[in-house]
Participant: 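Have a look at this one.
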Amino acid sequence: SVDLPPMNKRVRVRFAPSPTGGLHLGGMRTVLYNYLFAKQQKGDFILRIEDTDQSRYVAGAEDYIFNCLEWAGLEPNESVVHGGEYGPYRQSERKTTYHQYAEQLVKDGHAYYAFDTTEELEKMRQEFKTESQPSPQYDHTIRMKMRNSLSLPEEETKRLLEKAIPYVIRIKIPEKETISFQDLIRGEVSFDTAVVDDKVLLKADGMPTYHLAVVVDDYLMKITHAFRGEEWLPSAPVHILLWKYLFGLDQMPAWAHLPLILGPSGKLSKRDGAKYGFPVFAMNWTDPKTGELTEGFKEKGFLPEAFINLLALLGWNDGSEQEIFTKDELVDKFSIERVHSGGAKFDYEKAKWFNHEWIKKLPAGALLEPVKVLFAEKGIDIPDLNLVKSIISLVKDRCTLLTDFYEQSHFFFKPPVQYDLGAVKPKWNETKQLFFAELVRNYELAGHWDAATLENNFKEIAAVNELKPGELMLPFRIMLVGGKFGPGVFDIAAILGKEETIVRISQALDAFKNE
RNA sequence: GGCCCGUUCGUCUAAGGGCUAGGACACCACCCUUUCACGGUGGUGAUACGGGUUCGAAUCCCGUACGGGCUACCA
């Protein structure tokens with residue numbers, strides 16, 4: 001065999017945001033798989049987004065997508081914002097190119113002009129609607145009954161074009177042909193052209209539809225691989241025919257159709273998230289038209305590392321029992337052939353588990369920034385970063401979401417404003433009061449202020465007074481933090497420091513007495 | 001309706017003709033811990049159904065059922 005120079009892989013992901021904006025889990029996973037594959041092949045990762053300045057889209061949709069990718073660490077090498085050698089990347093700036101290819105298809109007899117108005121199309125659908133065919137298609141069975149350059153006399157077509165009557169260009173699908181291709185995930189998939197309709201390629205406004213744009217762009221941008229959602233499978237025959245007519249089937253990129261991500265009932269939707277209380281977007285998105293907020297994984301308290309990890313495992317695994325992967329490991333181990341062909345239901349509980357594992361796994365230093373932001377939002381200034389690091393180390397095992405850090409550690413920065421007296425009062429007595437008074441005197445004289453010393457002294461005093469330490473630890477906890485929560489009491493006291501610990505005990509003793 | 005894709009514990013999945021169908025989440029019990037977690041040990045729980053092929057099928061083939069997607073001058 002001969003060693004050929006490796007062909008530069010150019011992996012492309014292409015999509016449009018929903019008209020209301022946002023970027024859902026399925027879209028995000030498509031980006032991720034394309035990214036992983038591109039990096040693994042040491043190729044380029046290219047992002048194509050439909051022009052979002054069209055009226056059907058909402059403002060800010062494009063920036064939002066790039067922000068999400070930046071947060072998740074999936075930035076493309078080439079895109080409408082990052083640039084590249086194959087621009088322009090905006091569809092509106094490529095109009096003449098699309099037009100040329102569409103005209104070429106007409107000239108070669110693979111496409112035709114259609115002058116039908118919306119009303120005429122509607123009328124056709126009503127007219128040909130039958131029991132067995134509830135949604136008639138514009139296909140070989142009826143194209144000759146419509147107003148297009150195939151059914152009209154040549155002069156009439158010419159006249160209509162000269163009069164600038166609005167028209168679209170439709171592909172002329174062959175009547176009877178079997179089309180098949182090799183999907184990287186599913187193997188051979190085939191279709192019968194008899195049931196494929198004459199899709200519009202060029203719209204009346206001169207813009208291409210997805211079908212034309214994806215083929216022309218992929219060719220001109222030298223795309224070698226493209227993974228997209230399963231919902232595109234039915235239109236694959238149209239794209240294959242366009243490749244055949246325009247550039248040759250040997251030029252076609254390799255395709256993989258990814259399974260859908262399912263919600264509790266059917267395809268995962270924004271509504272599912274709202275209904276069941278879990279995020280479906282990477283980051284918060286507010287629809288500027290309606291003001292409706294859709295919560296994101298980031299703001300919900302997810303780490304990007306966990307987000308990538310859980311997304312990758314939703315429909316793929318490496319065959320081992322490993323579930324926690326860094327991005328580098330994913331790049332290394334990902335294989336498109338191992339992606340499942342069946343859809344996967346999203347499980348929020350498992351998603352949270354991934355985040356918990358990542359919080360436990362990452363060193364405190366890596367969590368510092370998001371925790372700082374969290375506390376800043378709650379109006380708490382963090383003075384000493386090293387102190388916060390030790391606090392993070394102490395509590396991170398019990399935090400599932402980043403937002404849990406507030407609940408788990410706010411008392412280090414603010415003394416309790418009220419006490420869970422119900423947990424102390426019933427068993428409170430003079431002896432315990434005296435014990436804590438003695439504890440304060442002991443702690444004031446303590447030379448070493450560390451958890452082990454504090455615990456020893458605490459237990460010694462308890463023994464001398466013939467008290468069970470167990471009965472004193474809960475009151476002690478409540479004195480320091482106000483309730484039944486937080487890490488080990490002596491760890492808390494050690495971090496609070498001598499002065500603050502003694503102040504909190506004394507204040508609590510007063511509060512208990514007054515009750 | 002038509003076309004396409006799919007189907008292993010409740011969920012994500014492993015097993016590519018051959019061990020008692022393995023792991024993870026969730027759930028339950030116990031241990032650890034006098035807060036809550038983490039952690040540890042164990043448990044409940046699945047090859048959609050029916051036919052073939054085969055010495056042998058979760059695995060290959062056919063049918064049925066069920067689920068999903070598409071069926072726009074949206075992507």
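Note that this is a predicted model, so its numbers are computed, not measured. So that the names make sense, note that chain A is the first sequence line, chain B the second, and so on, each numbered from 1. All values below come from the heavy atoms of this structure, side chains included, with hydrogens, waters and symmetry mates left out.
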Participant: Please assess A:D217 against A:R14 for the test side chain to side chain contact (heavy atoms under 4.5 Å, CB included), listing each intermediate value before the final yes or no.
Facilitator: CA-CA 10 Å; A:D217 291 348; A:R14 172 178 196 125; 2.9 Å; yes

Participant: Taking only the side-chain heavy atoms of A:V195 (C-beta and beyond), determine which of B:U35, B:C73, B:G2 contains the nearest atom.
Facilitator: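 Looking only at heavy atoms from C-beta outward on A:V195, the closest nucleotide is B:G2.
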
Participant: Using the C1' atom as the reference point in each nucleotide, state the distance between B:G63 and B:U44 in Å, no decimals.
Facilitator: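 It works out to 35 Å between them.
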
Participant: Distance between the P atoms of B:G43 and B:C25, in whole angstroms?
Facilitator: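 B:G43 and B:C25 have their P atoms separated by 15 Å.
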
Participant: A:K360 side chain: which of B:G39, B:C25, B:G69 is closest?
Facilitator: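 That would be B:G39.
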
Participant: Please determine, for the side chain of A:D397, which listed nucleotide (B:U35, B:C38, B:C25) has the closest atom?
Facilitator: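 Of B:U35, B:C38, B:C25, B:C38 is nearest to the side chain of A:D397.
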
Participant: Looking only at atom C1', what distance separates B:U13 and B:U7, rounded to whole Å?
Facilitator: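 About 14 Å, rounded to a whole number of Å.
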
Participant: Could you pick out which residue, A:Q408 or A:E323, lies toward the 5' side of RNA chain B when each is mapped onto its nearest nucleotide?
Facilitator: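 Result of the comparison: A:E323.
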
Participant: So which of residues 227-237 of chain A are in contact with RNA chain B, with a heavy-atom cut-off of under 4.0 Å?
Facilitator: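 A:E230, A:E231, A:W232, A:L233, A:P234 - these, ordered by number, are the residues of the stretch whose heavy atoms sit under 4.0 Å from the strand.
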
Participant: Using atom P of each nucleotide, how far apart are B:G10 and B:C5 to the nearest Å?
Facilitator: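 The answer is 27 Å between these two P atoms.
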
Participant: Given B:C73, B:C5, B:C25, which nucleotide is nearest the side-chain atoms of A:V168?
Facilitator: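 Between B:C73, B:C5, B:C25, the one nearest the side chain of A:V168 would be B:C73.
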
Participant: Using the P atom as the point on both nucleotides, what is the distance between B:A57 and B:C19, in whole Å?
Facilitator: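 Result for the P pair: 12 Å, nearest Å.
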
Participant: RNA chain B: A:G315 or A:R170, which has the more 5' nearest nucleotide?
Facilitator: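 It is A:G315 whose nearest nucleotide is closer to the 5' end.
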
Participant: Determine the Euclidean distance between corresponding P atoms of B:C70 and B:U54; express it in Å to zero decimal places.
Facilitator: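 Each nucleotide's P atom is 42 Å from the other's.
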
Participant: Just checking A:P166: base, sugar-phosphate only, or nothing, at a heavy-atom cut-off of under 4.0 Å?
Facilitator: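 It contacts nothing in the nucleic acid.
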
Participant: Report which part of the nucleic acid A:G470 touches: base, sugar-phosphate, or nothing (heavy-atom distance under 4.0 Å, all strands).
Facilitator: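 Counting heavy atoms under 4.0 Å across all strands, the contact made by A:G470 includes a base.
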
Participant: State, without any angle test, whether A:H257 and A:R228 hold a side-chain donor-acceptor pair at a distance under 3.5 Å.
Facilitator: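 On atom types as modelled, these side chains qualify, holding a pair under 3.5 Å.
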
